[in-house]
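Data first, discussion second: the structure below is written as structure tokens.
As a basis for the values below, the full set of heavy atoms in this structure was taken, side chains included, without hydrogen atoms, waters or symmetry mates. Just so it is clear, the model here is predicted, and its values are computed rather than measured.
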Amino acid sequence: MNIYDDILDATVVSLSATGHFTTSKYEELLAVKTNMISVYRVSLKGRLILTNEFKFQGKITDIATIPQKDSELDCLLLCTTLAKLSVVRYDELHNTVETLSLHYYEEKFKDISLLELTRESSMRIDPIKRCVVLFNNDVIALLPLLPLDLNEEEEEDGNEKEDGKGGEMEENAPRAKRPKPNKERFTAPSTIFPINHLHQDIRNVIDVQFLRNFTRPTLAIMYETRPVWAGNSQLTPFPITYIAFTLDITFNEISTEVKSTVIAVVKDLSWDFHTMIPINNGCILIGSNELAYIDNTGSLQSVILLNSYANKEIKKARILDRTKSQILLNKPISYSWSHSKERKEETLLMMDHEAAFYYILLDYEGRLLTKFDIINLPIVNDTLKDNFNPTCISRLNSTLSGNYIDLFVGFLSGNASVLRLNNLKSAVESREEHKETASPTEIDGEKFEDEDDLYSEEASDAGRNNESKEIVVETVSPFDIEVLSYLRNVGPITSLTSSKICSVEKFVKGLSNPNRNEMSLVATSGNFTGSHLTEIQISMRPEVQLALKFISITQMWNLKIKNKDKYLITTDSNKKKSDIYLIDKNFALYKEGRFRRDATTVSMSMFGGDKRIVQVTINHLYLYDTNFRRLTTMKFEYEVVHVSVMDPYILITVSRGDIKVYELDSKHKKKLFRVELPDILREMIITSGVILRSNMCNEFLTGLENSSEEQLLFTFVSADNQIIFFPREHNDRIFQLSGVDQLQEMLYISTYSLPDEVVPDPSIKQVMINKLGHNNKEEYLTILTFGGEVYQYKKSSRRHSRFYRNIAGGDLTITGAPDNAYAKGVSSIERVMHYIPEYNGCSVILITGNVPYIMVKEDDSVPRLFKFANIPLVSLTRWGKHSVMCVDDIKNARVYTLDRDNMYYGNKLPLRKINISNAMEDYMTLTRVTYHERSQMFIVCYAKEIEYNALGEDGVKLVGYKDNFPHAKSFKSGVLLVNPKTWNVIDKREFSDNSLINDARTMMIQLDSRTRRRKEYVIVGVAEVETEDLPSSGSLSVFDITEVVPEPGKPDTNFKLSEVFKEDIRGIVSSVCDISGRFLINQSQKVIVRDVQEDNSVVPVAFLDIPVFVTDVKSFGNFLIIGDSMQGFQFIGFDAEPYRMIPLGRSVSKLETVSLEFLVNGGDIFFAVTDTKDILHIFKYAPDEPNSLSGQRLVHCTSFNLHSTNTCMVLLPRNEEFAVQEKSLSPVQVIGGQSDGSVFKLVPLREDAYRRLYVLQQQITEKEVQLGGLNPRMERLSNEFYQSTHAVRPMLDFNVIRRFNTLSVEKRKVMAQKAGRRAHFEIWRDLINIEFSLRSLCG
């Protein structure tokens, strides 16, 4: 009975495409992050600006754009796991995605395939968008796409110059037989068949691609006759065959038939080819060691040898020897191919796993390829030094001509970036070859044996063994790469820990730290030189610039005179007094003027072009000059509850529900005139009002129908939750925002008419319409309710009178609840929204309250709502140019500004990048991080990449070792001691070459069994990387962190690492864990519990045999769970009197365990386990279950599909906002990190909460439209373990359930009734409990 929730969205961009999905005005970039599609507008300067975001319920494995009939917009073709195709288009009316068709092939694939299906299928689309294929191992599905216009397509086909046989085609050549398409259909029926139906010899498929410039769909398949790898490649060096077919597709309303004709076969290709890239006149085959070009007639024209491992026995083509470059193109390879019809040239760029660029040189004479070469493009700067493993490349602004090329590149490690390649052509054309003399030992002795080869005279001289002592040296002028913008990536996350970072300093600027007692999550992110630490902040940490202490204050205002902070006005509602302080005179009390000091001030503001000051108290309004000489006084019969000022107008709301609007005399600015209001307002009860500027009503105003100029609007919220507007010249005509009372998904402006019956039930407390963002600011409608909820709508860019809610993407954090379900969230301190137009470069909204919030929008993300600091916030005012002054509940005032130093606010929680490496020393990959609580220091493990020397046991190089060949890489690991105050490395311990730290944890170790004295140690498990002929070995190290006298000028070096114990071990140490004051390590197939004595000796006290290999070990009290790489996991009990390990149970399912953790819920023990198939399993220790054999067989409760690979899990305490009763065990939750940069949590639920949310999830799944037609339950629960688990108690998905917050008020109540009579109230409490579970880290 657990629920899953993502606390960080994926950050790795896995796929990208360009097209016109939501607008035809400009080409958009579509970036896929696991299950989310983000649509960006790319500015001329290369900045990425988010326009839409759509979150799907399944993992997207491929994406393509196809044209849409009767529209300038494109459709999207989405491939999702395991084998599904969705055709979707953008719905402009509702600002969401509409599914046109869904094609589900998984069951058919399983029935037809003789092999086990891979987890992801591959999609290929015909270049002219005639059909799509989806293949998985030995089975393929073909989906014909109905043409937009048969005549247009025939014209396009007639322009092709090559047919399937390589001859000139006639204009009336035969084409695919298609009946007249049905206007309502977009696709024809699919056909599914084994791939060997195309040709009987096809098996072990490597790649499938559509070829270009053919009149009919033409498919190329690369396969190997028998599986070959480097170890057996000498037995079968040429196992790969390339074969091409033309497809004759005929279909009707019921079925589709496919007939194939073989047009080309190329056999005996090298074993290492893995990817095909179709280009204009042929296809390029990419291998790890070779490149090959096959033209559309099936002729192998040229092969490039890339490195010393290339097979030089190929004799069927022209050979170009580039082995000196030592290029290695391992799978996967990212590439960008583009063709310019005007200049009649094509550009092919590739990137390898180290983010090095390669340009493929292609020149033709007719069909004959005259130049085929690969050029390694040197980069003049270190732009991409932190980026590795590219995932996708998309060409941007391909229609623009210039000396540069703009590319969007996604990376597994490193930020996805918009790159501008300056002077690419010049760099390619600058390539030169010159000869240099060298000693005979430096000349390569390899040569070509075939002297009769037709093209042998064109081979590179560097590949021959000449008598001369000259070698050919190639030089290419470096070119400049410029990063125009990027998307922040924190993946892959490899380890997690909770620690103090924000609250390391107890006092800031003389007052207590605003983030006191707060813990953060710290993760190791990235690989190689781009690796860093990532701080995941539970609440935003503001930067404190100034701190003050007041004696009497509940609210304050800062008045600027000539753009400088002049007066600070404070008021105390309890004492009914107000004061003025002079800011520029060290906050001296200002006693001059006729300022009203003996009353509670409701509002203070500059007025009249900053030449007047207006003060509104509970019953009066005063107008002053800048020296507080009183000019005008007004008295009100009822108490003033709300004031809004926008020069030259003042809007006042009184307690009776009336409103008053005054305008300042424009000539002398000494009098206020009352503005005439529409008559209908006299019959309405108004709860609040605001003056704003917007163009949302322009289409209803005479003479402004086509204008985008913003108009001043008086805006009010009525007691029946209507939002109404009218301009200064209203003519008794007012407008309303229709649908806002029910919080509909779409709101629109209409003329207001008074309803027959008004039932006062106010829920909307405050509204704002303003612009949010950093460089690109967009207009949003923000609503605050009396229950503390925050709702937001974005104004449509197409029609300004419409507002849309982001129901398909990331909605705002849940902050409150209706029906008084979360009363304590709004009871003690009033929640009020404050718009800050300039907060260190960003326009934000700050919300006061017992738990304050801040709304921030990055240009490349949707607005995000974060908890602001860790103290209550009573009042705030703007301060300086980029800051705000805030008052807490104990009358402390602090000046805050937004922290922009390596911070990113575009995800669900604030992220901070922490670099450990520097220019002096690069630690490369950070593998583990743990926190030493006593010293408040971090222990970070790293792994440097070094050259591997293949030495035998006697220290001599192995037989067959070749010095001149590129060699494998090894690692050199170490431990760093890092001070979080400065993030400097203050101590280091480095291990020997070929060492790899597998695990490092801090533990409280018992030193004396009699006194039970404990001490915190760091336990490190190391593996030694050796050759396969030598037995595995490792070591165990125990470190203590001792306090020392810091070095002069370096106050942060006050701790050092001291090695307490070290032992070399037979067998690798892959995991360490604490257990009952002792620690456990594994030595290959054994786990051993060790005890530390007072003399720092370490003795073994208990052991247990493991089937294969330990992947992870976790403890909880006296219990252990030990994960095995092949045999699932075991549940073990440890007893110290006498020492023994007691097997309590084990998993029946043979899981390939990756990570595991305890998940305790009340008195029940659950286990969370992830495997190599990206499935999260929940097991339960239930000795009372009849089938568990008294607990020996752990009950498999559920299996939940993850959309990424889990790498680590940690157990943390859980916050409960509504604790039912006192429990002996504190509630816990599990946090997990994943390779795509996402972080999830698993929260245990009570029985009643689980039942309510289960019903709610079922209702949302069945009644609400799902993007892409995907079934959330199927995407999460459909796997091979579904039948063996308790399907009646599946894991719940909070990503689905939180949509309840985005539904309209009426829909919520209807769905809640399905779960019970009082379920609406209880569901909101359940949602808040889950949403706030991480607040246990806030102290």
Side-chain angles (χ1 to χ4, degrees), residues 5-9 498 500-503 508 512-521 535-544 772 782 784 787-792 810-817 822 824-834 836 839 842 844-858 861-874 876 884 886-889 894 896-899 903-912 1212-1217 1229 1231 1239 1241 1243 1294 1298 1301 1327-1339:
D5 184 28
D6 289 315
I7 60 176
L8 274 188
D9 287 331
S498 60
K500 286 186 177 181
I501 296 181
C502 307
S503 56
V508 179
S512 62
N513 191 332
N515 291 82
R516 62 192 179 195
N517 303 324
E518 185 174 314
M519 307 279 283
S520 299
L521 294 175
E535 179 195 359
I536 306 170
Q537 299 178 0
I538 307 306
S539 61
M540 178 186 283
R541 180 182 59 194
E543 184 179 332
V544 182
L772 299 176
T782 310
L784 174 67
E789 311 140 79
V790 179
Y791 301 101
Q792 192 171 65
D811 198 55
L812 296 177
T813 301
I814 298 174
T815 58
Y822 186 51
K824 74 175 185 178
V826 294
S827 56
S828 56
I829 300 175
E830 183 183 12
R831 281 192 181 175
V832 179
M833 293 192 298
H834 298 264
I836 311 298
Y839 189 48
C842 292
V844 303
I845 294 176
L846 272 165
I847 304 175
T848 62
N850 192 42
V851 179
Y853 291 91
I854 183 171
M855 185 180 296
V856 186
K857 183 189 180 300
E858 298 277 8
S861 79
V862 296
R864 301 291 186 179
L865 190 61
F866 303 124
K867 181 174 176 287
F868 186 74
N870 200 28
I871 55 175
L873 199 157
V874 178
L876 63 89
V884 295
C886 301
V887 177
D888 63 17
D889 57 337
R894 299 173 179 85
Y896 294 135
T897 190
L898 186 66
D899 186 4
M903 290 296 303
Y904 180 65
Y905 301 106
N907 214 308
K908 288 187 172 182
L909 291 174
L911 302 175
R912 183 186 179 196
L1212 294 178
R1214 183 178 93 246
N1215 174 61
E1216 283 196 349
E1217 289 290 318
Q1229 61 188 334
I1231 308 298
V1239 179
K1241 65 181 178 184
V1243 182
F1294 195 61
R1298 73 179 305 123
N1301 183 47
L1327 297 182
I1328 288 175
N1329 249 339
I1330 298 167
E1331 187 80 35
F1332 294 174
S1333 67
L1334 279 177
R1335 295 201 176 167
S1336 56
L1337 299 178
C1338 294

Does [X] use its side chain to pair, donor to acceptor, with the backbone of [Y] at less than 3.5 Å?
X       : Y       : answer
Thr813  : Leu865  : yes
Asn850  : Ile829  : no
Asn513  : Cys502  : yes
Asn907  : Leu8    : no
Gln1229 : Pro1213 : yes

Do [X] and [Y] come close enough that some side-chain heavy atom pair is under 4.5 Å?
X       : Y       : value
Arg1335 : Lys867  : yes
Leu1212 : Ser1336 : no
Arg541  : Glu535  : yes
Tyr822  : Thr815  : no
Ile847  : Arg831  : yes
Gln537  : Asn515  : no
Tyr905  : Asp899  : yes
Phe1332 : Ile814  : no

Looking only at heavy atoms, which two atoms of [X] and [Y] are closest? And how far apart?
X       : Y      : result
Glu518  : Ile538 : OE2-N, 4.1 Å
Cys1338 : Asn870 : O-ND2, 2.6 Å
Ile536  : Leu909 : CG2-CD1, 3.7 Å
Ala869  : Pro514 : CB-O, 3.8 Å
Leu812  : Pro863 : CD2-O, 3.6 Å
Gly788  : Val826 : CA-CG1, 3.6 Å

What's the spacing between [X] [atom1] and [Y] [atom2] if we round to 0.5 Å?
X       : Y       : atom1 : atom2 : value
Ile1328 : Asn1215 : CD1   : CG    : 11.5 Å
Glu543  : Thr897  : CD    : OG1   : 6.0 Å
Leu1334 : Ser539  : CG    : OG    : 11.5 Å

Quick one: sort the Phe868 and Tyr896 rings into parallel, tilted or perpendicular, breaks at 30° and 60°. perpendicular
Side-chain ion pair, Glu858 and Arg864, N-O less than 4.0 Å: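 Looking at Glu858 and Arg864, the cut-off is not met.
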When you check the gap from the basic side-chain N to the acidic O, do Glu1217 and Lys824 get nearer than 4.0 Å?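 Answer for the salt bridge query: yes.
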Does one side chain, of Ser512 or Arg894, offer a donor that lies under 3.5 Å from an acceptor on the other?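 Side-chain D/A pair, Ser512 to Arg894: present.
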Would you check if there is a donor-acceptor pair between the side chains of Thr782 and Gln792 at a distance under 3.5 Å? yes
Let me know which of Glu1216, Lys1241, Arg1214 forms a side-chain hydrogen bond (donor to acceptor under 3.5 Å, both in side chains) with Ser1333.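 The option that passes is Lys1241.
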Take Thr848 and Leu876 through the side-chain contact (heavy atoms from CB on, under 4.5 Å) test and state the conclusion after the steps. CA-CA 8 Å; Thr848 62; Leu876 63 89; 3.8 Å; yes
